[in-house]
Amino acid sequence: MKRNVLDWLGEDVKDATSAIVLTHNIDFLFLQSVLQPLLNRCGSPKLTIFADAGCAAGTYRQQKAVLGQSLGRQYRVVPMDLGVGRRFHPKALFLSGPTKARLAVGSGNLTHGGLSANREIWSTFESNPDDLPALAAFQEYLFRLLEYVPQREAIKDEIVAAFDPDLHAWSAALPDPGILFGTPSEIPLWTTLATLARDGVQSITAFAPYHDPDGDALARIATEIAVPLTVLVQKDHAGLSSPAARAQPANVAFRLVDALNGDAEPKSQFMHAKFIAFHRSGDTVLAAGSANISRAALMADRSWGNAELVATKTISLPQFDELIADITQLTDAPDFPEAPPNEDWDVVQALLRILAARHTDGVLTVSYVTAAKVEGLVAETETGQSLSAIGDVRAGTAHFAVSKCPHSVCLRAMGEGGLDFRSEPAWVDDESRLSVPVPERRIASKLAEIGEAGHLSPKALLEILQLLDQHLRLPIKTGHWGNRPKPDENKKFGPYSTEDIFSEEFGKAVSSKSSAARPTSEIEDFLRAFGDYFSTSPPEEHDRHGPLSPRDEEEREKEQDTTQKPEDTDKEAEDGPRLKKRLLGVLEKVAAAMASDSFVTGRPPERLAADITATWLLLGKALAEDMIAAEDYTNMSDRLWGALFFGSTGAPGAVPRCLRSVITDGECLNTAASAKLSAVLVLWSQTGLSKSKFDPFWREFTLAVIASEMPWLAEGGSVEEITAEFRRLLRIAKCGIGVEHLVAAWREWVRASRALAEFSQAARTKSAQQLATLVDTDTVNKGDLLWQMGQIFRAEEWSRRDGTKVLIRPISGTEPKKVLGKFLVPIAALLDDRNCLRMSNPVREYLFGLVQRITAARHAT
Amino acid sequence: MTVFWGDDLLETTQGLDIVGVRGIDQAVEMSLVNGITTISQRGRYFSILPWALGEFYSVHTEDGFDWDALIAFLRRVEFIVLCATVMHRDDNGGDAAGMLGADLHRDLIAQLRQGQAVPFPQDKGGAILNTYFGPCRAIGLLREGDNKLPYQLTPRGHDLFEVRRHAIDTTPIAKLLHQGTVITQGLARSAVRDFSLSALAASGEEAALLRTAVTEPWPEAGFKVQSHYERVNGTIGWIKGLLSAKPDTAYGLLLRNFRSCIAGNQVGSIEVAWTEYEYRRRCHFAVELFLAALTNGLSGYEEASPRQLVGLWAEDPDRSEALAALWPGCVASWSTPVREVLASIPETLFLDGPLPVREMNAIPPPDKALAAFAALSITGRQTQRLRSTGLIQRNALSAAEFMLAEIDTDPARPMSELLIRLLEEAASAHLRTTFRKMGEGQKCSLRLFPDGAALRSTGIGVSAGHSGDRLTNVLRILADAGVIERINGQYTVSTGASE
C-alpha cells in the first residue's frame, strides 16, 4: 500500500492548532513552500520542528540567502544537539486539533525525498482508542527530548498546548504510553524490540539504507536471535560495505530488491525506509521507523548513540506479504560497495557554535557551546550591529539587549592567545511573533487566500469575522499593559506640553510627499491595508523567495484543451440574505468579545489598535460591498463603541473600566501611546456612530473625559504620525472625510482631554465644601455638567438651596450618587471669568466654551 | 494504526518555468502586446468569438443561460472554423497555423479531406472561449458579465457581431450551426469566406473593425487601457519600421533590434523594451542551461553536490567541438582565473543568429555549464550599458541577475569556484520556483532535490530553452487583419496592406 504521508496527514483537517515535526535532515525551502501552505489549509496550526542541529545548520548555511523572513517568525525549528557524534534521527509528523489528532512515525525526513520522492515507511495513528497509547507515547517522548533543548520554556509551552486537554477532547484521558519506542533511553532500542518479539521468532526480514561501517548491529541481531535473517538490499544502493557483508554470520542472507514507481515507465525510488520484521508462527511483529541497522541506532543506551523513534505493530503474515509486495524482488546477487555510504553532512568543526537564539521583550538570549575558553563575547546581527553581552555570561548562555529582533546572529569571542573565534550564523526565534495565536495565523492565511482569489466574497468576509471573533477572545501573550519594553529611543514623539496643545500651530495637517504608488485593485488595497493594520509588526521587505505569483500563464494556458465552467456564483447569490444574517450574528459576537475585560487588558496598545481597526475595516467593507445595510453599520458601530468606551446599563466601557488604573506613570504612558489607535478612534467616531445615540458634542465630550484620564488614548503620536495614519486609513476607507477634518477632530480631542485633565487636577486641590462656596448660582439646570467627588455628573433640575440629598448620574455610567443640593457644583461656574481655580486662561477658556456647547446641546435634546 | 509506503505528493510534469525566469521575460512581452497570449495565434478568432456569443445569446437565452448549451455551440463553431480553414489551405494554400482542435479532431478532418461527411463532435473542443476571451476583452470586444450572461459583448463587439451576422445569415452555415448533424466538403468550402482563419483580410468590414479594435482604445477606456494601446501601437510601429527595411520573422526582428540597441543606436522606449525581452530570454536560456548541466551531471551519480560535480568535471580537459566552435578559447584549465576566462569569450557571441539551443542541449554536462556561463556573461556584457543606465532595470527576483552579480564579484577566483556558485544558484532557483508551485498545488516538475549536503536527481531531464514569443502571434494576427503580409514564412509591409 502506497500513500503520500502529507496527504494522509491533512485529509479533511481544517482546524488544526498545533503541528510538531521530528526530523533528522531538514529542507527549509521545502518546508516553507510545500509544508507550510499545506498546514495553512489545515487551519494554520503553530508549527514546531525538532531537527538535528548539524543538519539544520548545514541547510541553513546553504539556504539562508533565499529563505525570506519566516524562519523563527512563522515557525520554529529547534536544533537538537545530543553531543559529539550523536544524531537526532527520529522522523514524525503530528497534527493536533480540538476534535482529532494524527501522528505519522516513520523514516522520512522533512525534505522532498522524505515526504515525496523516496520510498519511505510510515506508521500512522489517529485519536481513536486503539491508537491513543501511541499519542501518549509521543507526548512522553517530546517531553523527554526537552532535556536536550536549551531555553526550553517556550517549546515546552508549545508541546503542552498541542496536548492541552482543555482544548483537545481526545487528549482528556490519554492511556499509558505504548506502541512507540524512542531513544535516548536507558534501555537500548534493540533490547526493547527483541523483548517485544519474545519467543517463537522463526525468521527475520530487515531493511535499512544504512548500516554501521562494520555491520556490527546486523551481526548482533543475527547472533542474539539465531534464526534465518533476510536482509533486503536495494539495487545500486547497498547500505553495507562488501567486507561487512562478508563478515556476517551464516544465518544472514541478502536479497536484492528495488522500489519501482510509475506504471508506464517505472523509475527506481531511493529506499530510505527502515524496518525489522520478526516472523512468528502466526504473525509478524513489525518495527518500523527511523532506526537504521546500526549500533548508534539500535544498541545505544542513554549515554551515547542516536535519538530514534520506532513504531511497532503485530500484523498477520498476509498483511506483511501485502506490504512487501510493493517491493520488487530481484534475482541477482547484491553488489556491495567497498566503502559504506554515509548519509550525513560533513561535521563542521567549530570552536564556537550557537545552539539556540531567542528574542523576548528586547533581550536576545543565545545558547552556545565552545571548545575553548573564550571571553569578550559579542553578538553580531545580519545588519552588522554588534552587541555586547549584558549581565553574567554563564554556562553557555549569553544575553544581549536589542529592541528589534534580528533575523540571524553569530557570536564572536576572543580565545587564548588572541584568537578570534566566530560562530556560524544562526537564525533567531522571535518569541513575540512565534507566540501569535492560531486565530491570528488563520486570518493571515485567509487574507493570502483571498488575495489569490482576487475578490472578497461575503462568505470569505464571514470567515474572517469568525476568525476575528476567535482572535478577540484570546489574550495576547506578549507585550501586556504595564509589562512592555521601553519605548524605542528613536521615537520622535514625547508627551505634549499644555502650551504646545493650545498653541495656534498645534494640529495643523501635515502635507506629505505623494508617492508614485502603482495602481492596485480595490481588493489588493483592502487586503494590504487590512494586513498592515492587523499585523502589529512592521512589514517585511521582499526577499528572493519571490512573490506569491499566480500560476504561470502558459501553464494555465496549456491546460485549456477545453473551456472550464466558471465558478458557480448562483448559490452565493441565493445565500445572500442568510449570509447577511450570519454576518450580523458574528458582528454581535465580536462586539461581545470586545466588551470583555480580557479583550482590553489582554493585549498591548498596538494590538488593541490593530484589532479595533481591523473590526472597523471589516465592518466598512461589509457596508461598501452591500453585504450589510447602512443601518446595520451604524447600529453595530454604536454597539462596539458602547462596549469599548461609553458603557451601558450603569457600567463604564471596557477601556475606561480596565485601563484607567493600569496606565499610571509617565513611562507607561509613553509606551502605551499608539498613533494607530488614536487615529482609528477619531476616524471611526467621525463616521460610524448614530446621531440619535451619541450626539456629536456629547460623543466628543465623553471621549475627552476618557482621554483626560488616559491621555495616551488621544496623544498617540506626533502630528506627523497621526496625519500619516489618517492618510493610510483614508486610502481604504472612502468615507468622504478629508485629512484636514480628521486632524482638526483629533486636535479638538487632545485639547479637550488636556483641558479636562488640568481642570480635574485643579479642582481636586479643593474640598467639596470649598468648591461649593466658589459657585454663586442658586439653581442647577437639567443637562448641566457637575463636578462632584472627583467625577463629572449630569444634572437634573435642582435648587442649590435645598438641604436634602439629590440624585445625580455620573457620565462614566457608574451607579448614581446622592449629594446634598447645596454641594452641587456646576462646572461652568468654576470656569467663568472669575477663574476661581486659577487655571491658565487659554485652557480655561477652551474648556468653558466646550462645556457651554455641551450644555446647550443637552438642553436642546 | 496503519502502515504504508510513502508515495509521491504530486503528479510529475515537465513544467514550463522551472527556474523562475521565464515569467520575467513573459511579463516584459505581455506588456507590449495588449492581451495577445502565446496561444492566441489567429486574428479571426477575435471576431468569431464575439459573433458566436452574440449568436448563441440571440437564439438560446429565452429560458436562461445554459452553460452546457453554450459549450456545445462553441464546439460546433470551432469545428466549422477548423473544417473551413483546412479546405482553404487545401484549395488555396491558406495559412492554417493556430487552428483550435486540429489535434483533437485529426481523424474527423482526415475523413473530411477524403470526401466523407463527418459528424459535429459532441464531447471535445470548445477551447475558443478560454483562449480568446482574455485577448478579446483586452481590445474591448467582450467583457465579463453577470450570472445571467457571464460573457457580454461590448459596443464594438456588437458591431462586429452585426457585420458577421449580416454576412452569415444568408449562407447555409447559419442553419448548419444550430441544427446540422454532419458537415461535408461542400459545406466546409461554403464556410471559407466567413470562417477560414486565413480569409479574414479579404472580409472587408469585419477586418476593418478588428484593425480598429486592435489599434484604438474604446471611447470610455481608462488610463490603464489607453497605456496598453500606446504600447501595442508602439510595437506595431516598431514592427512596420523594421519590416519596411526587409521582410523578416519574429526572431529576426528581435535580433536586429537587440543588435541595434546594444550598439548604442538612438532608440525609443519600445525598442528598449523589446531588447529587454531578448536580454531576459537569453538569460532564461543560460540559467536553464546551467540547470541542465547540473541535472545531466547528477544523473550519473546517486547523489552529488555541485562542488563534487565540478571536481569531477575538472578532471576532463576535453571540450566538445560544438562549444569550441562558438568559443575557441573555452577553458582548458578549471583553475584559470575568472577574469581570463571572461576575456576569452568572443564579443559578438550569439549575435549572428538565433541561440544554438539544440546544439547546446546536446553537449556534455561540463560543456553545458561552460556554454551557460558564456551565454550569460556575454549577454550581461552586451547589455551592460543599457542596464547600468537604468534603461533595463534590475529585477531582484531573477536568478540570472543574481548570477551576473556573482560573475562580477571576484574575478581573481578560479573558474571552478565560480561555476560551483552558479550551479548552486541554478539549483536554488529551480527549487524555489518548483517548491512554490507545488505548494500552490501545481504538479511536481522537480529535476533534483537536496538530500543532506548533496543533490539527488529525480530522473527528469532538462532541455534548456527560451520562451515561446507572443511576437510571432502578433505578426500573424496583424497579417490576418491585413495590416502586414505573410509571404513564404516571412512578414513584410506590402503596398496593399491596410493601415
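This structure is a prediction, so every number in the text was calculated from the model and none was measured. Letters A, B, ... are given to chains in the order of the sequence lines, protein chains preceding strands, and every chain is numbered from 1. Side chains included, hydrogens not; waters and symmetry mates left out as well; all remaining heavy atoms used.
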| field | Test salt bridge (Lys or Arg N to Asp or Glu O under 4.0 Å) applied to B:R76 - qualifying residues, sequence neighbours left out | value | none

| message | Taking side chain as everything from C-beta outward and backbone as N, CA, C, O, which of these in A:L115 sits under 4.5 Å from a heavy atom of chain B? Side chain, backbone, both or neither. | response | backbone

| task | Please check if atom NZ in A:K313 has more than 12 non-hydrogen atoms from other residues, nucleotides or ligands closer than 6.0 Å. | result | yes

| Contact part of A:L35 toward chain B, heavy-atom cut-off under 4.5 Å: side chain, backbone, both or neither? | neither

| field | Portion of A:A288 that has a non-hydrogen atom of chain B nearer than 4.5 angstrom | value | neither

| request: Indicate the atoms forming the closest heavy-atom contact of B:I460 with A:K267, along with that distance. | output: CG1-NZ, 3.9 Å

| query | Closest heavy-atom contact between A:G113 and B:F449? | reply | CA-CE1, 3.5 Å

| If you look at every heavy atom in B:R436 and A:S33, which pair is closest and at what distance? | N-CB, 3.7 Å

| Note, A:F270 side chain near B:E303 side chain (heavy atom, < 4.5 Å) | no

| Top contributor to chain A interface from B:L10, B:L446, B:L100, B:L431 [non-hydrogen pairs under 4.5 Å] | B:L446

| request: For A:W8 and B:T2, run side-chain contact (heavy atoms from CB on, under 4.5 Å): C-alpha distance rounded to whole Å, both residues' side-chain angles, the deciding distance at 0.1 Å, then the answer. | output: CA-CA 11 Å; A:W8 171 82; B:T2 305; over 6 Å; no

| task | First locate atom CZ of B:F4, then atom CH2 of A:W122, and finally report the distance between them rounded to the nearest 0.5 Å. | result | 8.0 Å

| query | Which one of A:E126, A:M1, A:Q63, A:R3 has the most heavy-atom pairs closer than 4.5 Å to chain B? | reply | A:R3

| said: Could you walk me through whether B:V3 and A:I315 satisfy the side-chain contact (heavy atoms from CB on, under 4.5 Å) test, starting with their C-alpha distance in whole Å, then the side-chain angles of each, then the deciding distance to 0.1 Å, before giving a yes or no? | reply: CA-CA 10 Å; B:V3 181; A:I315 57 175; 5.6 Å; no

| task | Report the option among B:G101, B:G439, B:P450 that has the most heavy-atom pairs separated by less than 4.5 Å from atoms of chain A. | result | B:G439

| Closest heavy-atom pair and its distance - B:R432, A:V66 | NH1-CG1, 3.1 Å

| said: Quick check on A:D130 against chain B: is it the side chain, the backbone, both or neither that has a heavy atom closer than 4.5 Å? | reply: neither

| remark: Output for pair (B:F435 CZ, A:H112 NE2), nearest 0.5 Å, gives 6.0 Å

| task | Search all heavy atoms of A:A311 against all heavy atoms of B:M1 and return the closest pair with its distance. | result | CB-CE, 4.2 Å

| task | Step through the shown structure and confirm whether more than 12 heavy atoms of other residues, nucleotides or ligands are within 6.0 Å of CD on B:Q226. | result | yes

| message | Need one label for A:L103: side chain, backbone, both or neither, based on atoms under 4.5 Å from any heavy atom in chain B. | response | neither

| message | More than 12 heavy atoms of other residues, nucleotides or ligands under 6.0 Å from CD of B:E11: yes or no? | response | no

| message | To the nearest 0.5 Å, what is the distance between CG on A:D7 and CG on B:D7? | response | 8.5 Å

| field | A:S116 side-chain N/O to B:L9 backbone N/O, donor-acceptor pair under 3.5 Å | value | yes

| request: Heavy atoms only: give me the nearest B:W5-A:L323 pair and the separation to one decimal. | output: NE1-O, 2.8 Å

| field | Distance-only side-chain donor-acceptor flag, B:D8 / A:N261, under 3.5 Å | value | yes

| task | Under 4.5 Å heavy-atom distance to chain A, tell me which part of B:L70 shows up: side chain, backbone, both or neither. | result | neither

